[in-house]
There are 2 protein chains.
Amino acid sequence: MPKKIEITNNIRRLRFFANEMTQQELAEKAGVSRQTIIAVEAGKYSPSLELAFRIADAFGVAIGEVFDYTVVGETKK
Amino acid sequence: MPKKIEITNNIRRLRFFANEMTQQELAEKAGVSRQTIIAVEAGKYSPSLELAFRIADAFGVAIGEVFDYTVVGETKK
DNA sequence: ACAATATGTAAAAAGTACTTGACATTTAGT
DNA sequence: ACTAAATGTCAAGTACTTTTTACATATTGT
């Protein structure tokens, strides 16, 4: 995948806004392991689209409110 | 991942709305192989979040306009 | 000081996405 | 009838995501 992209996320923020939801709770709501939440939240890798949808769903928001997408080198509007 | 989910997409429709963009062109815009576009468009597998963003970007729309997410068993509002 | 909860790290194994290359089928243009 | 372009299929290999297990550290309440 040539054009480089950065995906950042607001999971930590959203967890705190969402009544201090723990990583464990989010993991359960999203149906994945806690490890996966830790890794995604820490930006170690970006999730599958499916998991992205599950996480957004756990917070009741759209994917775009959880994950930000930036094309490296271009300035995103 | 326990709760089953279905991810469908409007890639084909969007390609035609977008001036009959071919799979090849979309592949180039998104920076992936044509094979990948074929597989995702045909629903053989769902893409990574990164690719989902790239595809949405190629059409200039949000992810939610390209991909639909349905929790199987529950009726999505 | 102790126990319980939340977060973090690491690493192997399994599963899924993506690439490459090669070939088949369909459709449109000449 | 031929050619070119677009779509589709198959398969082997690489890369990345996710799980599982096990342990480390920090924070809070008793």
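Just so you know, these numbers use all the heavy atoms, side chains as well, and skip hydrogens, waters and symmetry mates. Throughout, protein chains are lettered first and strands after them, A, B, ... in sequence-line order, and every chain is numbered starting at 1.
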Whole angstrom value for the distance that separates P of C:dT7 from CD of A:E25: 9 Å
Whole-Å distance separating the CZ atom of B:R15 from the C1' atom of D:dG8: 12 Å
If you define the side chain from C-beta out and look only at heavy atoms, does anything of B:I63 sit under 4.5 Å from B:L49? yes
Given C:dC18, is OP1 or OP2 found less than 4.0 Å from the side-chain N or O atoms of B:S48? yes
Distance, rounded to the nearest Å, where A:R34 contributes CZ and D:dC23 contributes P: 15 Å
Take the C1' atoms of the five end pairs on each side of the helix from C:dA1-D:dT30 to C:dT30-D:dA1, get both axes, and report the angle to 10 degrees. 40°
Can you measure from CG (B:L51) to CD1 (A:I5) and round to the nearest 0.5 angstrom? 9.0 Å
Within this structure, what is the CG-to-C1' distance between A:N19 and C:dA6, rounded to whole angstrom? 15 Å
B:L51 atom CG is separated from C:dT16 atom C1', nearest whole Å, by 13 Å
Can you identify which nucleotide, out of D:dT19, D:dA6, D:dT18, has its nearest atom closest to the A:S33 side chain? D:dT19
Contact under 4.0 Å: B:K44 side-chain N or O vs D:dT9 OP1/OP2: yes
Which is true for A:T36 with a 4.0 Å heavy-atom rule: it touches a base, it touches only sugar-phosphate, or it touches nothing? base
5'-most contact on DNA chain D: B:M21 or B:E50, nearest heavy atom basis? B:M21
What distance do A:F59 atom CZ and A:L26 atom CG have between them, rounded to the nearest 0.5 Å? 4.5 Å
Roughly, in whole Å, what's the span from CG in A:L49 to C1' in C:dC18? 15 Å
Given D:dT7, D:dT20, C:dG8, identify the nucleotide with an atom nearest to the side chain of A:Q35. D:dT20
Rounded to the nearest 0.5 Å, how far does CD of B:Q24 lie from CZ of B:R34? 6.0 Å
What I'd like to find out is whether the side chain of B:F67 reaches to under 4.5 Å of the side chain of B:P47, using heavy atoms alone. yes
Which nucleotide in C:dC18, D:dT19, C:dT7 has an atom nearest any side-chain atom of B:Y45: C:dC18
How many Å lie between CD on A:E28 and P on D:dT18, as a whole number? 18 Å
Integer-rounded Å distance: D:dT17 P and A:E41 CD: 17 Å
For A:A62 against A:A56, the heavy-atom pair lying closest together: C-CB, 3.9 Å
In a check of side chain to side chain contact (heavy atoms under 4.5 Å, CB included) between B:D68 and each of B:N10, B:N9, B:I7, which one passes? B:N10
Picking from D:dT9, C:dT19, D:dT17, which would you name as closest to the side chain of B:V32? C:dT19
side-chain N/O B:R12 vs D:dG8 OP1/OP2, d < 4.0 Å: yes
For a quick check of understanding: with a heavy-atom distance under 4.0 Å over all strands, which category does B:T22 fall into, base, sugar-phosphate or nothing? sugar-phosphate
Closest to the B:V40 side chain: C:dT9, C:dC18, D:dT18? C:dC18
Looking only at heavy atoms, the pair that brings B:E41 and B:I11 closest together is OE1-CG2, 3.4 Å
Any A:Q24 side-chain nitrogen or oxygen under 4.0 Å from OP1 or OP2 of C:dT5: no
